[in-house]
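Have a look at this one.
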Amino acid sequence: MKDTAPPTAAAPACNRLAAGLRELRARTGLSMAALAERTAYSKSSWERYLNGKQLAPRQAVEVLCAMAGEPPGRLMALWELADGEWSGRADSAPDPVVAAAPTVARPDDGGPSDGRSVRSAEPGQARRGHVGLGGWAGPRGWAIVAAVVCVVAVAAAVWVAVLPNTGSNGSTARVPSTAPPPPGCRGQGCVGKDPGLMGCGMPSRVRALGPPLRTSTGARLEFRYSAACAAAWARIWHSHIGNVIEVSSGGEWRRAEVTDTYDTQEYVFTPMVDGTDRTKLRVCFEPGGGGTRECFTPGG
């Protein structure tokens with residue numbers, strides 16, 4: 001597999017896949033070194049995957065989804081598109097006779113809401129900006145196409161209305177639950193564990209304790225708390241290589257270090273501490289290369 005990334009403009013799926021993997025990596029709270037320790041892929045390989053310099057293997061995407069508690073369907077579909085772009089199959093595919101209807105973008109459950117669009121047309125159609133209708137061009141052809149679309153829409157509406165009442169014994173069909181899995185620990189059982197791997201860092205389960213804290217070097221710190229896990233941890237950003245943060249709730253300190261350039265561009269999280277008594281929470285910062293140790297409590 002090539003290590004050189006395809007041109008940005010020609011690989012939207014590759015770029016979206018890399019962005020999705022970076023989001024999941026940040027959600028786990030793992031540094032690149034820690035990610036390598038927990039998977040079959042090296043630190044340098046993960047750096048290439050997350051920066052879009054190399055297409056991540058399918059198995060690597062599945063593993064990262066599992067570690068972040070993310071249903072794999074969305075990213076695996078994106079991986080299929082990215083694999084086609086990377087190998088060149090997407091560009092060599094023949095144009096269809098009738099263009100597919102544009103896909104309507106919608107926010108992904110639990111994913112970023114930054115307005116990124118989904119793929120709406122095949123590459124050949126997007127380049128030429130036309131829709132091929134073969135022998136159906138003209139008013140008559142458009143009328144037939146409109147009639148077919150109406151029939152399909154009516155059939156779909158009937159199917160949706162009837163489906164819930166078509167159980168084998170006449171009862172209402174069950175809808176699969178979309179609730180996230182329960183957290184993997186609580187209170188003392190979370191001490192020293194990764195918030196992402198335990199499901200405590202899911203967006204619906206975590207909140208900040210107080211505003212961000214600013215250090216003398218400009219780095220930002222924040223306490224994170226999950227009521228579902230009764231656990232807390234800290235994170236750092238706008239950091240520099242060698243920066244260290246430690247968090248405690250009256251017991252042992254839990255530590256995280258900014259180890260590389262990639263860490264300076266993302267959040268770095270500490271392992272968790274018991275969050276039962278939040279009045280005992282304390283986070284301390286040490287700049288790289290020595291310097292004054294700065295400590296904070298929630299709210300300053």
Side-chain angles (χ1 to χ4, degrees), residues 1-87 90 108-119 194-199 201-203 206 219-220 224 233 235-243 245 256-271:
M1 190 174 293
K2 297 180 181 179
D3 286 350
T4 303
T8 301
C14 290
N15 296 330
R16 292 202 301 272
L17 177 64
L21 294 178
R22 291 195 296 271
E23 177 196 342
L24 293 187
R25 203 282 304 191
R27 192 186 303 177
T28 67
L30 297 175
S31 67
M32 301 298 284
L35 192 60
E37 290 176 359
R38 289 163 172 78
T39 65
Y41 307 95
S42 68
K43 176 182 173 182
S44 60
S45 293
W46 278 115
E47 288 175 344
R48 290 194 297 272
Y49 302 157
L50 273 61
N51 286 327
K53 295 179 180 178
Q54 181 176 335
L55 180 64
R58 183 185 183 94
Q59 294 84 351
V61 178
E62 293 173 338
V63 166
L64 190 54
C65 284
M67 296 175 72
E70 172 78 7
R74 178 176 66 91
L75 279 184
M76 293 317 302
L78 194 53
W79 182 89
E80 294 289 349
L81 295 175
D83 184 51
E85 286 180 348
W86 197 281
S87 64
D108 293 304
D109 294 337
S113 57
D114 56 3
R116 291 180 293 187
S117 62
V118 295
R119 190 167 181 256
D194 294 314
L197 297 181
M198 293 294 103
M202 298 180 65
V206 65
R220 304 294 201 278
R224 307 291 285 172
W233 59 96
R235 69 180 181 181
I236 182 173
W237 68 101
H238 292 173
S239 57
H240 302 279
I241 295 175
N243 288 171
I245 57 170
E257 181 176 357
V258 179
T259 60
D260 52 37
T261 302
Y262 194 87
D263 283 349
T264 66
Q265 301 169 357
E266 301 284 349
Y267 293 115
V268 173
F269 298 80
T270 67

Determine the minimum heavy-atom distance between A13 and A82, stating which atoms define it.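 Reported closest heavy-atom pair: CB-N, 3.7 Å.
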Using side-chain heavy atoms (C-beta onward) and a distance below 4.5 Å, is V206 in contact with W233?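 Heavy-atom side-chain distance check passes, below 4.5 Å.
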L21 side, atom CG; L75 side, atom CG - distance, nearest 0.5 Å: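 Interatomic distance, L21 CG to L75 CG, rounded to 0.5 Å: 6.0 Å.
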How long is the straight-line distance from OH of Y49 back to CE of M32, given to the nearest 0.5 Å?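 OH of Y49 is found 10.5 Å from CE of M32.
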Do E85 and P12 make a side-chain contact, defined as non-hydrogen atoms from C-beta onward lying under 4.5 Å apart?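 A side-chain contact under 4.5 Å exists here.
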If you define the side chain from C-beta out and look only at heavy atoms, does anything of L24 sit under 4.5 Å from C65?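 Yes, close enough: below the 4.5 Å cut-off.
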With a 4.5 Å heavy-atom cut-off, do M67 and R27 have their side chains touching?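 When only atoms from C-beta onward are counted, R27 and M67 do not touch, as no gap falls below 4.5 Å.
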Audit row: T28, R38, side-chain contact (heavy atoms from CB on, under 4.5 Å) steps and yes/no: CA-CA 12 Å; T28 67; R38 289 163 172 78; over 6 Å; no
Any heavy-atom pair between the side chains of W46 and T39 that's under 4.5 Å?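 Of all side-chain heavy-atom pairs linking W46 with T39, at least one is under 4.5 Å.
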I'd like to know if the side chain of W79 reaches the main chain of E62, judged simply by a donor and an acceptor atom lying under 3.5 Å from each other, with no hydrogens or angles considered.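 Between the backbone of E62 and the side chain of W79 there is no qualifying donor-acceptor contact (under 3.5 Å).
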Could you tell me whether the side chain of W237 reaches within less than 4.5 Å of the side chain of E266, counting heavy atoms only?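 A side-chain contact is absent here, since even the closest heavy-atom pair is not under 4.5 Å.
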Pick out which of L81, D83, L55 makes a side-chain contact (heavy atoms from CB on, under 4.5 Å) with L17.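 Output: one option passes, namely L55.
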To the nearest 0.5 Å, what is the distance between OH on Y267 and NE2 on H238?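 Rounded to the nearest 0.5 Å, the OH-NE2 separation comes out at 8.0 Å.
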Check E80 with R58, please: is the shortest side-chain N to carboxylate O separation under 4.0 Å?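 The answer is yes: the pair qualifies as a salt bridge.
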For R220, give me all partners under salt bridge (charged side-chain N to carboxylate O under 4.0 Å, His left out), at least two apart in sequence or on another chain.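 Expected list: none.
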Nearest heavy-atom pair of P71 and G69: which atoms, and what distance?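 It is CD-O, 3.8 Å.
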Minimum heavy-atom distance between L35 and R25, given as atom pair plus value: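 Looking at all heavy atoms of both residues, the closest pair is CD2-CG, 3.7 Å.
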Got D263 and I241 here, is their nearest side-chain heavy-atom distance under 4.5 Å?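 Of all side-chain heavy-atom pairs linking I241 with D263, none is under 4.5 Å.
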Can you tell me how far the CG atom of L30 sits from the CZ atom of F269, to the nearest 0.5 Å?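 Reported to 0.5 Å precision, the distance equals 9.5 Å.
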With rounding to the nearest 0.5 Å, note down the distance linking SG in C14 to CG in L78.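 Interatomic distance, C14 SG to L78 CG, rounded to 0.5 Å: 8.5 Å.
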Least distance between heavy atoms, D260 atom then K43 atom: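 Shortest heavy-atom contact: OD2-CE, 3.0 Å.
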Any side-chain heavy-atom pair of M76 and V61 under 4.5 Å: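 The answer is yes, as the side chains (C-beta and beyond) meet within the 4.5 Å cut-off.
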Interatomic spacing from CD in E47 to OG in S44 - rounded to 0.5 Å: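 Taking CD in E47 and OG in S44, the distance rounds to 6.5 Å.
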